[in-house]
Enquirer: 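Sending over a structure as structure tokens; questions will come in a sec.
Naming convention: chains lettered A, B, ... in sequence-line order (proteins, then strands); numbering from 1 in each chain. Side-chain atoms are counted along with the backbone in the values below, which use heavy atoms only and exclude waters and symmetry mates.
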2 protein chains.
Amino acid sequence: MDTPTIYDVSRLSGVSTATVSRAFTAPDRVREETRRKVLAAAEALGYQPSAIARAMARQQTDKIAFLICKKDATILDEFYASICEGVMRRANSTSYQLLISTAADWQRTGQSKQIEGVILAGDAEPSLISSFQRQGVAVVLVNHRASGFELPSVVADEQNGARQVIDHLTAYGHRRIALLAGRFSSYITSVRYNAFLTAMQEHGISVDDSGIVMCGRDVESATQASVELLRRPERPTAVFAFNDVLAAGVIKAATRLGLRVPDDVAVVGFDDSSSCTLLTPELSSVHVDCRRMGEICLEQLTALLSGDTEVPRLTVVPVSLRTRASSIRL
Amino acid sequence: MDTPTIYDVSRLSGVSTATVSRAFTAPDRVREETRRKVLAAAEALGYQPSAIARAMARQQTDKIAFLICKKDATILDEFYASICEGVMRRANSTSYQLLISTAADWQRTGQSKQIEGVILAGDAEPSLISSFQRQGVAVVLVNHRASGFELPSVVADEQNGARQVIDHLTAYGHRRIALLAGRFSSYITSVRYNAFLTAMQEHGISVDDSGIVMCGRDVESATQASVELLRRPERPTAVFAFNDVLAAGVIKAATRLGLRVPDDVAVVGFDDSSSCTLLTPELSSVHVDCRRMGEICLEQLTALLSGDTEVPRLTVVPVSLRTRASSIRL
DNA sequence: GTGAAAGCGCTAACAA
DNA sequence: TTGTTAGCGCTTTCAC
């Protein structure tokens, strides 16, 4: 037999379809007894309201999207996967359906997949943002800030993370601290960079350019750059890397050169990815609660969608340094 | 102004809504000239067919889901994230909308999110599978096999992977090869376990139970188990770990005991996750093309949905050992 | 090749 | 509190 409709329930329970509808969507507007009758009939029939018909009648889709805005081959790296997980978790306890994709794919094929809200992760193009806004789609940004737009951003407290690292390293007597930087999303790249400079300044350590090395975003590139860095006559006693992958490169370079970590050179990463505890020695890193960030995004998006005007323009999620063997001399 | 509907296009182009509809869904059933007129009008209006109204009229949702069936806190680990990526990639070039969730969340809240097909990743409960089948939802399994069901499974060639590893190790003269095993999904656990045994047999190496060690699925557990293993009087010269995380534990244990990898003990992992090249020494591992597996899943699901009856019951995706420093003596 | 019209299953005024 | 009814925007027979 076909799947039962609201008419079947109406007939079986002896009330109108409107009442059946109310029994499901506004239970308190139906007399207790009637509602029970309806629910019993629905149960007996195995009836489930059709999401599509509902969307049709209400003129809304109940759909939101999480779009990853980056160009790599790997779109779901650990960082974005964790944010995504947070979003999914929270989405599951709402009535919204979550679509996940990349910005590129969306623009290519996302037509006609009407959504009411979108979370843009990473380097969202202004044109993309405004195209959503033009369509009346609510937008929340994560790991990014867009000047000139009135919309909520969720970011990690990178400044504080860098400060904690430099505090930690200087406490162990390090003064010659190098930064190994790579090109990631424009936001992360500039913010982490500046956070490092600021933290160094706060400790009155001058950062001559030689203390900052740029490399690609893969280990191999980081390793090569680190080999050069660690070969310099004025070798840094500590290296702060932009993320854990680059930090792993520093450790590899040190090993290759016969230097010991942390005795000859201390290493600290960023993100506290799962690889930190796989490495030997274990890698100190700034823990970022990506899952939480994703959850916050979804909360703010639903707030926006329910007409809440009190949604904060910027949410900064705290971070905390996890110190491990790579930077602790016993 | 409101978003334009098919009526607006109909009016502007001077044809009926039926023709507008055909111009979009069955272009070849409309005269060339008429179609151009319609498309021009649509373009001018910025018209996009409403997916909801279409779903309503056609009585189908065009929605499919990717459900992760595992109990961990982390649902999107690198392995599943890669499969997921493959699925997403392919889904984006279809008209299907992809919902991603966990089996648990789905069962809790998945009501009324009607879907036409589902990809079940990992340990899918038989009851879940049959509940989908009862609803007429097409099912494809990945990294799992369900006896008693008539549905496509996509898995990696674990047997061959294990064989390649043992071939490789024996070629370097190893005979005392231990297995470090952990409890993962039931399918993976049993298949990898048996694949190891078979491969050892093929080389005429007897596997006394002492050569097989079980541990948890985290590094720390693997490290502890490995320390014990490597302390044994008859220390293995090589360890084959169930996955890369456990393999990292072996390396950590070796370092802790002052053993050199690969000189004192060779290590090989499974999955070829991104951490392999972060480790020192780099980890040899069996490369599994998860992305491809995801793509295949989606292809088979769409084939199923389009009524194709030629969908293979089982697809085995080839794997290949990536040898790196952890198992190569120079 | 094209048009008229009847739905698809539900919601939301408006009435009662 | 409950029922009547008119859509929501599109597809799809069935005529022409």
Enquirer: Measuring only between side-chain heavy atoms, which start at C-beta, is A:Leu76 closer than 4.5 Å to B:Cys84?
Expert: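 Yes, at least one pair of side-chain atoms sits under 4.5 Å.
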Enquirer: Check whether any side-chain heavy atom of B:Ile119 sits under 4.5 Å from a side-chain heavy atom of B:Val87, and report yes or no.
Expert: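 Sidechains of B:Val87 and B:Ile119: in contact.
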Enquirer: Out of C:dT11, D:dT2, C:dA4, which has the shortest distance to the side chain of B:Arg22?
Expert: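 From the listed options, C:dA4 comes nearest.
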Enquirer: Would you mind telling me which of C:dC10, C:dG3, D:dG3 lies closest to the side-chain atoms of A:Val15?
Expert: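 Taking heavy atoms from C-beta onward, the closest nucleotide is D:dG3.
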Enquirer: Would you mind reading off the distance between B:Ile52 atom CD1 and D:dT11 atom C1', rounded to a whole angstrom?
Expert: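 Distance check: B:Ile52 CD1 to D:dT11 C1' gives 16 Å.
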Enquirer: Just compare C:dC10, D:dG9, D:dT1 and give me whichever is closest to any side-chain atom of B:Ser50.
Expert: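 In terms of side-chain proximity for B:Ser50, the closest of C:dC10, D:dG9, D:dT1 is D:dG9.
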Enquirer: Checking contacts here: which listed nucleotide (C:dG9, D:dT11, D:dT4) is nearest the side-chain heavy atoms of A:Thr5?
Expert: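 Shortest atom-to-atom distance from the side chain points to C:dG9.
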Enquirer: Between C:dT11, D:dG3, D:dC10, which one does the side chain of A:Ala18 approach most closely?
Expert: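 The closest nucleotide is D:dG3.
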Enquirer: Starting at atom CZ of A:Arg58, determine the distance to atom P of D:dA6, rounded to an integer number of angstrom.
Expert: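 That distance rounds to 22 Å.
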Enquirer: Checking all strands, does B:Tyr47 fall into the base, sugar-phosphate, or nothing category for heavy-atom contacts under 4.0 angstrom?
Expert: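 Sugar-phosphate, backbone atoms only, no base.
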Enquirer: Does a side-chain N or O of A:Tyr7 approach OP1 or OP2 of C:dG7 to a distance below 4.0 Å, or not?
Expert: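 No, because none of the side-chain N or O atoms of A:Tyr7 sits under 4.0 Å from OP1 or OP2 of C:dG7.
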Enquirer: Would you check if there is a donor-acceptor pair between the side chains of B:Asn92 and A:Ser101 at a distance under 3.5 Å?
Expert: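 There is such a pair (donor and acceptor under 3.5 Å, judged by atom type) between the side chains of A:Ser101 and B:Asn92.
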Enquirer: Would you indicate, yes or no, if C:dT2 has its OP1 or OP2 atom less than 4.0 angstrom from a side-chain nitrogen or oxygen of B:Arg31?
Expert: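 Yes, because at least one side-chain N or O of B:Arg31 sits under 4.0 Å from OP1 or OP2 of C:dT2.
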Enquirer: Is there, by distance only and without an angle test, a donor paired with an acceptor across the side chain of B:Arg35 and the base of C:dG1 below 3.5 Å?
Expert: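 Counting by modelled atom types and ignoring angles, no donor-acceptor contact under 3.5 Å is found here.
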Enquirer: Measuring to OP1 and OP2 of C:dT11, would you say a side-chain N or O of A:Gln59 lies under 4.0 angstrom away?
Expert: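 No, outside the criterion.
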Enquirer: CG of A:Asp28 versus P of D:dT1: gap in Å, rounded?
Expert: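 After rounding, the gap between these two atoms is 9 Å.
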Enquirer: Using OP1 and OP2 only, check whether a side-chain N or O of A:Thr17 sits under 4.0 Å from D:dG3.
Expert: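 Checking A:Thr17 against D:dG3: no side-chain N or O falls below 4.0 Å of OP1 or OP2.
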Enquirer: Mark yes or no for whether A:Glu116, through its side chain, and A:Asp62, through its backbone, hold a donor-acceptor pair below 3.5 Å.
Expert: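 It does hold such a pair.
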Enquirer: Expressed as a whole number of angstroms, how long is the span from B:Asp8:CG to D:dG9:P?
Expert: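 Going from B:Asp8 (CG) to D:dG9 (P), I get 9 Å.
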Enquirer: Check every strand shown and say whether A:Val30 touches a base, only sugar-phosphate, or nothing at a heavy-atom separation below 4.0 Å.
Expert: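 Result for A:Val30 = sugar-phosphate.
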Enquirer: In whole angstrom, what separates A:Arg36's CZ from D:dT1's P?
Expert: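 Between P of D:dT1 and CZ of A:Arg36: 15 Å.
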Enquirer: In terms of side-chain heavy atoms, does B:Ser186 have a donor or acceptor partner in B:Thr189 at a distance below 3.5 Å?
Expert: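 Side-chain D/A pair, B:Ser186 to B:Thr189: absent.
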Enquirer: Hey, which sits more toward the 5' end of DNA chain C by its nearest nucleotide, B:Gly14 or B:Ala57?
Expert: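 With B:Ala57 and B:Gly14 compared, the 5'-side residue is B:Gly14.
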Enquirer: Between C1' on C:dC8 and CE on B:Met56, what's the gap in Å once rounded to a whole number?
Expert: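 Value for this atom pair: 4 Å.
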Enquirer: Compare side-chain N and O positions of A:Ser16 against OP1 and OP2 of D:dT4 and report whether any pair is under 4.0 Å apart.
Expert: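 For D:dT4, OP1/OP2 do not have a side-chain N/O of A:Ser16 under 4.0 Å.
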Enquirer: Does a side-chain N or O from B:Arg29 land closer than 4.0 Å to OP1 or OP2 of C:dG1, or not?
Expert: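 B:Arg29 to C:dG1 OP1/OP2: no side-chain N or O under 4.0 Å.
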Enquirer: Provide, to the nearest angstrom, the distance between the CD atom belonging to B:Gln114 and the P atom belonging to C:dG9.
Expert: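 From B:Gln114 CD to C:dG9 P: 11 Å.
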Enquirer: Among C:dC10, C:dC8, C:dT2, which nucleotide has an atom closest to any side-chain atom of A:Ala53?
Expert: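 Nearest listed nucleotide: C:dC10.
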Enquirer: Any side-chain N or O of B:Arg54 under 4.0 Å from OP1/OP2 of D:dG9?
Expert: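 Checking D:dG9 against B:Arg54, no side-chain N or O comes under 4.0 Å of OP1 or OP2.
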Enquirer: Can B:Asp77 and B:Thr74 be counted as having a side-chain donor-acceptor contact under 3.5 angstrom?
Expert: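 No donor-acceptor contact under 3.5 Å links the two side chains.
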Enquirer: Whole-Å distance between D:dT12 C1' and B:Ile6 CD1?
Expert: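 Distance check: B:Ile6 CD1 to D:dT12 C1' gives 11 Å.
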Enquirer: Please determine whether a side-chain nitrogen or oxygen atom of A:Thr19 lies at a distance below 4.0 Å from atom OP1 or OP2 of D:dG3.
Expert: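 The answer is yes; a side-chain N or O of A:Thr19 sits under 4.0 Å from OP1 or OP2.
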